[in-house]
Asker: 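Okay, handing you the structure first.
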Amino acid sequence: MLTLKFIQDNPDLVVEKLKVKNFDAKAIVDEIIALYENKNQIQGKADNAKAEMNKISKEIGILFREGKKEEANQAKERTSELKETIKQLDTEFSSIDEKVYDLLVQLPNIPHDSVPAGKSENDNVTVKSGGDKAKLPENSLPHWELAQKYNLIDFELGVKLSGAGFPVYRGKGSRFQRALINFFLDQARDNGYEEIQPPLVVNEASGFGTGQLPDKEGQMYHVTEDNLYLIPTAEVPVTNIYRDVIVDAKNLPYKNTAYSACFRREAGSYGKDVRGLNRLHQFDKVEIVQIAHPDKSYAILDEMVAYVETLVQKLELPYRILRLCGGDLSFASALTFDFEVYSAAQEKWLEVSSVSNFETFQANRLKLRYREEGVKKPMLAHTLNGSALALPRIVAALLENNQTENGIKVPKVLVPYCGFDIID
RNA sequence: GGUGAGGUGGGUGAGUGGCUGAAACCACUGGUUUGCUAAACCAGCGUACGGGUAACACUGUACCGCGGGUUCGAAUCCCGCCCUCACCGCCA
């Protein structure tokens, strides 16, 4: 959520910048400004009326204590008009406040200056690529066939137990998953991230804090009986650790990592995008989250991107890093870098990580602030997060790219975690 | 699921209608004292939105889980909701 103050101070800039996200904000911004024109005036009037009311009430109290009942009752008579005035002004005020709020939550975050214009994922800009595309043997298979051939993942069994998009990993497939999770967590810890084990369901306030609610309600599994939501990413519980807190500037940045299962309804997905591990309702992910000082957040974003890069490098996957264009940028993000790894058998790039700076957009909802030494007013912090990494497509790419006549080779870094070096 | 208790400032916790934005203690910040550590003493110490200021200062209003009501006046009384804790039951 953008701050009202920012919009008031820079209405044209907001409209201009949101065009990059292909969002026409003119009407909303104009309405916000118009609604707020009278707001201060109304507040002034209301405050004055209340001040007078408070004064009278105090006087009545004193009169009663002194036993001057008659004078007290006389004073009472003056209050009814004031009461009416206050009620009216308050109603007017809160109606404006409410309307403005409803408009505010509709505005996406402002993209960073470096975000390229563009309509869709086709307009994303490749900023870097690395690794070599695997040379696959003849008759190489896509991961869903490999998974079946080596009995690693049973998709049909998942359908029986839960439905499409809930695969059952078994044997070496299951161990491979566990190895990746442990590898990612250990790497994150080595890079200064504190490990968190968060709840997998969150309340409404948490869903709102990171921006899933109310906009993306339909994307989350909702436990209606208890009004809890299954987390779509560990970002939600981990970032909400910092909801409603004021931190000391000198303690920034906070660095957290968390493994969690992630649950997404993925309503509206279809076709080959959902084949195999490409898109699931439940998947595993290790997330990294940082709470940063605004002056440092972009340096930290670079650091996070560099960190994720080391992961795909260590896994020896061919990758590319994309700077998302305005059209592909999420509602809450100011700048996002996506990581894609190349799946040789499917002959396509798979998104495995998304690293974003949300600036104050989430912090404003979370009321996450920091206090600078010597400065009285607390300021909104910046939040950042990234996948490091999401498992399914990494697994898909590793299976496909490392297939040989004799089985699937396990990347060196994972061998100690797996306890085997080939899947056969 | 049953029964009971309770939600007050960073923490503990007092406060049953006016002098309470809120005692006291702890924590924290500044100062005095001190050979160091420690201690003692003094002072300060919430947030939001207004007014005000170059910026402070200063100042108005609101906020004692959330929403509503009673009253001239509500942390305090009434109603609804949410949440937490304890014990019992069930259970990984």
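Every chain is numbered from 1 and lettered A, B, ... according to where its sequence line falls, protein lines coming before strand lines. Computation of the quantities below employed the complete heavy-atom set of this structure, encompassing side-chain atoms and omitting hydrogens, waters and symmetry-equivalent molecules.
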Asker: Just name whichever nucleotide pairs with B:rA62, Watson-Crick or G-U, keeping both distances under 3.5 Å, else none.
Answerer: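 Its partner is B:rU47 (Watson-Crick or G-U wobble, both distances under 3.5 Å).
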
Asker: Indicate whether the side chain of A:Tyr169 and that of A:Asp284 have a donor and an acceptor atom separated by less than 3.5 Å.
Answerer: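 Looking only at side-chain atoms, A:Asp284 and A:Tyr169 do not form any donor-acceptor pair under 3.5 Å.
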
Asker: B:rC49 P sits how many Å from A:Leu4 CG, rounded?
Answerer: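 So the two atoms are 9 Å apart, to the nearest Å.
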
Asker: For B:rG65 versus B:rC85, give the span between their C1' atoms, rounded off to a whole number of Å.
Answerer: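 Roughly 14 Å separates the two C1' atoms.
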
Asker: Which sits closer to the 5' end of RNA chain B, A:Asn40 or A:Gly61, going by the nucleotide each is nearest to?
Answerer: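 That would be A:Gly61.
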
Asker: Using Watson-Crick or G-U wobble geometry with both distances under 3.5 Å, which nucleotide pairs with B:rU3?
Answerer: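 Check on B:rU3: paired to B:rA86, both distances under 3.5 Å.
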
Asker: In whole angstroms, how far is the P atom of B:rC72 from the CD1 atom of A:Ile62?
Answerer: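 After rounding, the gap between these two atoms is 18 Å.
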
Asker: Atom CD of A:Glu59 to atom C1' of B:rG18: distance rounded to whole Å?
Answerer: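 Result: 13 Å.
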
Asker: Round to the nearest Å and state the distance from A:Ile246 atom CD1 to B:rC28 atom C1'.
Answerer: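 Rounding to the nearest Å, CD1 of A:Ile246 and C1' of B:rC28 are 14 Å apart.
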
Asker: For atom P, what is the distance between B:rG80 and B:rA86, given to the nearest Å?
Answerer: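 Comparing P positions in B:rG80 and B:rA86 gives a spacing of 26 Å.
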
Asker: Give me the distance, rounded to whole Å, that separates B:rG60 from B:rC45 when you measure between the P atoms they each carry.
Answerer: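 It works out to 16 Å between them.
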
Asker: Can you tell me the Watson-Crick or wobble partner of B:rA14, both distances under 3.5 angstrom?
Answerer: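 Base partner found: none.
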
Asker: Would you measure the distance from the P atom in B:rA5 across to the matching atom in B:rG10 and give it in whole Å?
Answerer: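 Approximately 29 Å lies between the P atom of B:rA5 and that of B:rG10.
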
Asker: Hydrogens and angles aside, do A:Asn109 and A:Glu359 bring a side-chain donor and acceptor to less than 3.5 Å of each other?
Answerer: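 Not at all, the side chains of A:Asn109 and A:Glu359 share no donor-acceptor pair under 3.5 Å.
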
Asker: Go through residues 81-94 of chain A and report each residue with a non-hydrogen atom lying under 4.0 Å from RNA chain B, sorted by number.
Answerer: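 Correct list: A:Lys83.
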
Asker: Using atom CD1 of A:Ile96 as one end and atom P of B:rG50 as the other, report the distance to the nearest whole Å.
Answerer: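 Answer to the nearest Å: 13 Å.
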
Asker: Does one side chain, of A:Gln43 or A:Lys39, offer a donor that lies under 3.5 Å from an acceptor on the other?
Answerer: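 Yes.
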
Asker: Now, which nucleotide makes the Watson-Crick or G-U wobble pair with B:rU70, with each of the two distances under 3.5 Å?
Answerer: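 Check on B:rU70: unpaired, no WC or wobble geometry under 3.5 Å.
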
Asker: Test: salt bridge (charged side-chain N to carboxylate O under 4.0 Å, His left out). Region: residues 413-424 of chain A. Which pairs qualify, not counting sequence neighbours?
Answerer: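 For residues 413-424 of chain A, and leaving out neighbouring residues, the salt bridge (charged side-chain N to carboxylate O under 4.0 Å, His left out) pairs sorted by first residue read A:Lys172-A:Asp424.
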
Asker: Partner lookup for B:rA92, please. Criteria are Watson-Crick or G-U wobble with both distances under 3.5 angstrom; report none if nothing qualifies.
Answerer: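 The answer is none; no pair meets the criterion.
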
Asker: Let me know the distance between CZ of A:Arg369 and P of B:rG46, rounded to the nearest Å.
Answerer: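 Computing the A:Arg369:CZ to B:rG46:P distance gives 14 Å.
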
Asker: Considering only atom C1', compute the distance from B:rG7 to B:rG11 and round it to an integer number of Å.
Answerer: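 Comparing C1' positions in B:rG7 and B:rG11 gives a spacing of 15 Å.
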
Asker: Give me the distance, rounded to whole Å, that separates B:rA57 from B:rA62 when you measure between the C1' atoms they each carry.
Answerer: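 It comes out at 22 Å once rounded to the nearest Å.
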
Asker: Rounded to whole angstroms, how far apart are CG on A:Asp244 and C1' on B:rG10?
Answerer: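 Distance, rounded to whole Å: 14 Å.
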
Asker: At under 4.0 Å, does any side-chain N or O of A:Lys367 touch on OP1 or OP2 of B:rG46?
Answerer: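 No.
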
Asker: Using purine N1 to pyrimidine N3 plus N6-O4 or O6-N4 for Watson-Crick, or N1-O2 and O6-N3 for G-U wobble, both under 3.5 Å, which nucleotide pairs with B:rC19?
Answerer: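 WC or wobble partner does not exist here.
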
Asker: Taking B:rC42 as the reference, what is the distance to B:rC58 when you measure between their P atoms (whole Å, please)?
Answerer: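 Looking at atom P only, B:rC58 and B:rC42 are 23 Å apart.
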
Asker: Taking only residues at least two apart or on different chains, which pairs with a member in residues 143-165 of chain A satisfy salt bridge (charged side-chain N to carboxylate O under 4.0 Å, His left out)?
Answerer: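 Listed once each, the pairs would be none.
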
Asker: Does the side chain of A:Asn278 come under 3.5 Å of the side chain of A:Arg275 through a donor N or O and an acceptor N or O?
Answerer: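 The criterion, which ignores hydrogens and geometry beyond distance, is not satisfied for A:Arg275 and A:Asn278.
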
Asker: Enumerate the residue pairs fulfilling side-chain hydrogen bond (donor to acceptor under 3.5 Å, both in side chains) with a member in residues 29-38 of chain A, sequence neighbours excluded, ordered by first and then second residue.
Answerer: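 For residues 29-38 of chain A: A:Lys26-A:Asp30, A:Tyr36-A:Asp97.
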
Asker: Just the atom pairs and distances: protein N or O near nucleotides 55-61 of chain B's N or O, under 3.5 Å.
Answerer:
from, atom 1, to, atom 2, distance (Å)
B:rG60, N2, A:Gln43, NE2, 3.4
B:rG60, N2, A:Asp47, OD2, 2.9
B:rU61, OP1, A:Asn54, ND2, 3.3
B:rU61, O2', A:Asp47, OD1, 3.2

Asker: Tell me what A:Ile56 touches on the nucleic acid: a base, only sugar-phosphate, or nothing, going by heavy atoms under 4.0 Å.
Answerer: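 No contact.
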
Asker: Tell me: CG of A:Asn203 to P of B:rC66, nearest whole Å?
Answerer: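 Rounding to the nearest Å, CG of A:Asn203 and P of B:rC66 are 16 Å apart.
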
Asker: Pick the P atom in B:rA24 and in B:rG35, then give their distance to the nearest Å.
Answerer: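 One P to the other, the span is 32 Å.
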
Asker: Any base atoms under 4.0 Å from A:Lys39, or only sugar-phosphate, or nothing? Heavy atoms, all strands.
Answerer: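 Sugar-phosphate, no base atom in range.
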
Asker: Does any N or O in the side chain of A:Asn203 come within less than 3.5 Å of the main-chain N or O of A:Asn227, such that one atom is a donor and the other an acceptor?
Answerer: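 Pair absent, no side-chain N/O of A:Asn203 close to backbone of A:Asn227.
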
Asker: Sequence neighbours left out, what passes side-chain hydrogen bond (donor to acceptor under 3.5 Å, both in side chains) with A:Glu71? Give chain and number order.
Answerer: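 A:Glu71 satisfies side-chain hydrogen bond (donor to acceptor under 3.5 Å, both in side chains) with no other residue.
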
Asker: Can a side-chain donor-acceptor contact be found between A:Gln346 and A:Glu400 if the only test is distance below 3.5 angstrom?
Answerer: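 Their side chains do contain a donor-acceptor pair, which is all the 3.5 Å distance test asks for.
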
Asker: Do the side chain of A:Lys255 and the main chain of A:Asn191 share a donor and acceptor less than 3.5 angstrom apart?
Answerer: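 Yes, the answer is positive, given that a donor and an acceptor are paired below the 3.5 Å cut-off.
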
Asker: B:rA75 pairs with which nucleotide, Watson-Crick or G-U wobble, both distances below 3.5 Å?
Answerer: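 Answer to the pairing question: none, since B:rA75 forms no Watson-Crick or G-U pair.
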
Asker: Which nucleotide, in any strand shown, forms a Watson-Crick or G-U wobble pair with B:rG30, with both distances under 3.5 Å?
Answerer: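 Paired with B:rG30, as far as the under-3.5 Å criterion goes, is B:rC42.
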
Asker: Checking side chain to side chain donor-acceptor pair (under 3.5 Å) against A:Tyr193, which of A:Gln187, A:Glu287, A:Gln290 comes through?
Answerer: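 Exactly one pass, corresponding to A:Gln290.
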
Asker: Using a 4.0 Å heavy-atom cut-off across all strands, classify A:Thr79 as base, sugar-phosphate, or nothing.
Answerer: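 Sugar-phosphate contact only.
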
